[in-house]
Amino acid sequence: HGWFYDCDREARWHENYPLAKGDNQSPIEISSKDARYDTCLSPWHASYDPGAAKTILNNGRTCRVVFDDTFDRSVLRGGPLSGAYRLRQLHLHWGSSDDHGSEHVVDGVKYAAELHMVHWNPKHGNFAGALKQSDGVAVVGIFLKVSEIDNIKTKGKEAPFQHFDPSILFPKSRDYWTYHGSFTTPPCEECITWILLREPIEVSADQMAKLRSLSKNGENEPVNPLVDNWRPPQPVKGRIVRASFK
Ligand SMILES: NS(=O)(=O)c1ccc(-n2ccn(-c3ccc(F)cc3F)c2=O)cc1
Ligand SMILES: [Zn+2]
């Protein structure tokens, strides 16, 4: 499932992916003062099976960990969601320096990176079917601010990545913003209920350097650093961003 994604020409995505100019595109600028506290929003819960983690992959556009999603093994429920959504993969977006790299921007703040945990709604049969539905996919976005991946340096490299419980990546607070949006890369489907955690997690400068040491190119090809794989914020177009906190 190639992500036919070329961040360098994001402005031209709409030529092949008309949805890129849709009214519910992601990422967006989050203005915390304009977000509406919704007392009806319940807490979200993740129950992940570390045994579901399979491999970590550099696909030339991001670093992705894939999970077994053939049954309700690692699921996310609650929050703005109805039903249990299955964890399929997680990946990151990052910059060429610590002052940028996240896709969502909060009150003008760009974080060094943004982690996305992609879940899909099994009521739609499979992932490909789910991304055609507006309630098909739920992505938990976690911001990384600065404070292991030596053997997937080049595109196509993959390694076992097992017994990993991704809930260790969650910050202390479960406070979140939620809004309806899209994939931030082609096919830009507007199928995502975004759950953006307010509290960033901390990573070291070394960890960021490790991300930036990944390459877009394959082995034995000219080095093309895999950095700046983030889409700029898209028009909010009147959408309401709800907050789970005051
Ligand atoms: N950055 S993000 O909004 O979290 C994001 C962006 C793009 C995707 N994406 C793009 C294509 N696919 C995809 C993968 C497998 C498949 F069968 C069909 C797809 F569209 C996908 O999951 C998934 C998540
Ligand atoms: Zn993403």
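Position 1 is the first residue of the sequence; numbering continues from there. Both counts, for ligands and for their atoms, begin at 1 and track the order of listing.
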What atoms in ligand 1 come closer than 4.0 Å to a heavy atom of [X]?
X      : value
Pro187 : 10 (C), 11 (C), 20 (F)
His116 : 1 (N), 2 (S), 4 (O)
His93  : 1 (N)
His91  : 1 (N), 2 (S), 4 (O), 24 (C)
Phe183 : 3 (O), 5 (C), 6 (C), 7 (C), 8 (C), 23 (C), 24 (C)

Under a heavy-atom criterion of less than 4.0 Å, does [X] contact ligand 1?
X      : result
Arg231 : no
Pro186 : yes
Ser26  : no

Ignoring hydrogens and geometry beyond distance, is a side-chain donor-acceptor pair present between [X] and [Y] at under 3.5 Å?
X      : Y      : value
Ser215 : Lys155 : no
Ser26  : Trp194 : yes
Glu103 : Thr184 : yes
Glu114 : His93  : no

Which of these, Leu131, Asn229, Ile192, Thr184, has its nearest heavy atom closest to atom 19 (C) of ligand 1?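 Of the listed residues, Leu131 has the closest heavy atom.
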At the Zn ion (ligand 2), what is the angle formed between atom NE2 of His93 and atom NE2 of His91, rounded to the nearest 10°?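 The two atoms subtend 110° at the Zn ion (ligand 2).
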With a heavy-atom distance limit of 4.0 Å, tell me whether Tyr17 approaches ligand 1 through its side chain, its backbone, both, or neither.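 Neither; no heavy atom under 4.0 Å.
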Should the proximity of Glu189 to ligand 1, defined as any heavy atom under 4.0 Å, be assigned to the side chain, the backbone, both, or neither?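 Within the 4.0 Å criterion, Glu189 makes no contact with ligand 1.
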Give the atom name of whichever N/O/S atom in His116 sits closest to the Zn ion (ligand 2).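 The closest N, O or S atom of His116 to the Zn ion (ligand 2) is ND1.
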Salt-bridge present (Lys110, Asp99; N to O < 4.0 Å):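 The answer is no: the pair does not qualify as a salt bridge.
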Measure from the ring center of Tyr179 to the ring center of His104 and say whether it is less than 6.0 Å.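 Yes, close enough.
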Please confirm whether Phe170 and Trp44 have ring centers closer than 6.0 angstrom.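 Yes; Trp44 has its ring centre under 6.0 Å from that of Phe170.
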Is the ring pair Phe245/Trp177 parallel, tilted or perpendicular, if the boundaries are 30 and 60 degrees?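 Perpendicular: the ring planes of Phe245 and Trp177 meet at over 60°.
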Are the side chains of Gln25 and Phe183 in touch, meaning some heavy atoms are under 4.5 Å apart?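 No, their side chains stay 4.5 Å or more apart.
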